[in-house]
Amino acid sequence: GAVRGTDIPEADPDLELIEAWRRGSNASLDVLFRGVQPRIYGLCLRMLGRPEPAADVAQDALMRMYEGLPGFDARAKFTTWSIRVTLNCIYSHLRREKLRRHVRLPDAEASSELGSGEATPFERIAETTLRRDVVEALGSLDLQARAIIVLRDLQGLDYADIAEVLGTPIGTVKSRLF
């Protein structure tokens, strides 16, 4: 016979919940999605930088996961699959935003932002400039680089999982992160 423990994969609670859902338990689906929601929202927030679009995109991602679950391949990890679905929603959102920005006239938001709070005009300008610099620095990274940093540092994924999520070789993930 086989040596004990070699053929039996570690039990994945997510897969158990999905199996229970396939057998007709809607409650298990509820538990599954409640468990993944904070991670999905966190990923959206880190990638998009603002709570409103992050909440919308997270909602969209959860909807896509729900629609895609019947075709989910149980050989994959649910967490990596859910992150891949979420990143696709984030990328779609960013593409739509880019198209929208090209047709939109510059808005007054940038100038009105300076008139808030109790700080001196100089402090407000310095703060706005710093915030813009940080956002631009993250924004200047291409999406793959930004995703790798977010998945590694903020979501705690290992190299293999990041490679699986992004569909890139593990060596690429390591060199890009470096």
Side-chain angles (χ1 to χ4, degrees), residues 9-22 25-104 132 134-178:
E10 198 180 312
D12 181 343
D14 290 337
L15 294 183
E16 286 170 13
L17 288 168
I18 292 168
E19 283 311 307
W21 168 70
R22 286 187 169 143
S25 162
N26 283 329
S28 63
L29 191 66
D30 214 38
V31 173
L32 181 73
F33 278 98
R34 257 208 304 271
V36 79
Q37 208 163 0
R39 166 169 262 191
I40 295 308
Y41 174 73
L43 178 57
C44 291
L45 185 59
R46 293 287 189 256
M47 290 294 287
L48 299 170
R50 294 192 346 272
E52 299 82 17
D56 290 346
V57 174
Q59 198 60 48
D60 184 29
L62 289 166
M63 201 65 213
R64 295 275 174 84
M65 277 178 243
Y66 177 71
E67 290 164 359
L69 206 55
F72 172 71
D73 180 1
R75 284 173 305 192
K77 273 197 215 154
F78 177 73
T79 45
T80 49
W81 178 76
S82 67
I83 289 170
R84 190 181 311 135
V85 171
T86 305
L87 280 177
N88 286 335
C89 291
I90 290 168
Y91 294 160
S92 299
H93 171 81
L94 289 171
R95 274 195 297 274
R96 283 194 305 272
E97 277 297 288
K98 203 172 192 172
L99 291 172
R100 212 172 288 142
R101 216 170 293 131
H102 282 304
V103 294
R104 202 194 311 143
R132 193 178 56 228
V134 170
V135 169
E136 274 175 17
L138 250 182
S140 71
L141 290 172
D142 61 86
L143 286 176
Q144 188 194 57
R146 196 187 321 177
I148 289 171
I149 289 172
V150 169
L151 293 175
R152 180 75 184 143
D153 289 348
L154 301 163
Q155 299 262 317
L157 265 65
D158 61 26
Y159 293 126
D161 283 346
I162 295 171
E164 189 188 325
V165 166
L166 298 177
T168 56
I170 197 162
T172 304
V173 171
K174 287 180 179 174
S175 64
R176 301 271 351 237
L177 195 57
F178 181 74

Practice task
Report the residues that fulfil salt bridge (charged side-chain N to carboxylate O under 4.0 Å, His left out) with R95, sequence neighbours left out, ordered by chain and then residue number.
Solution key: none
Practice task
Using the ring pair (Phe, Tyr, Trp, His ring centres under 6.0 Å) rule, pick out the option among W21, W81, Y66 that qualifies with F72.
Solution key: W81
Could you go through residues 170-178 and list every donor-acceptor pair under 3.5 Å that involves a side-chain atom there, pairing it with any protein atom two or more places apart or in another chain?
from : atom 1 : to   : atom 2 : distance (Å)
S175 : OG     : G171 : O      : 3.3
S175 : OG     : T172 : O      : 3.1
R176 : NH1    : D142 : OD1    : 3.4
R176 : NH1    : Q144 : OE1    : 2.6
R176 : NH2    : D142 : OD2    : 2.7

Exercise for the section: Looking only at non-hydrogen atoms, find the nearest pair between E164 and R84 and report the distance. Expected result: O-NH2, 3.1 Å
Problem - Side-chain touch V36/D14, heavy atoms, less than 4.5 angstrom - result: no
Exercise for the section: Kindly say whether L151 contributes a backbone atom to a donor-acceptor pair with the side chain of R46 at under 3.5 angstrom? Expected result: no
Handout entry: Main-chain N/O of L45 paired to R50 side chain as donor or acceptor, under 3.5 Å
Key = no
Practice task
Sort out for me which residue in L157, I162, T168, L143 forms a side-chain contact (heavy atoms from CB on, under 4.5 Å) with I148.
Solution key: I162
Exercise for the section: Can you see which heavy atom on A61 is nearest to which on C89, and at what distance? Expected result: CA-SG, 3.7 Å
Handout entry: Min side-chain heavy-atom separation M65-I40 under 4.5 Å
Key = yes
Problem - Atom of A54, atom of C44 and distance for their closest heavy-atom approach - result: O-CB, 3.6 Å
Problem - Interatomic distance, F33 atom CZ to M63 atom CE [nearest 0.5 angstrom] - result: 9.0 Å
Problem - salt bridge (charged side-chain N to carboxylate O under 4.0 Å, His left out) pairs, two or more places apart, involving residues 53-64 - result: D60-R64
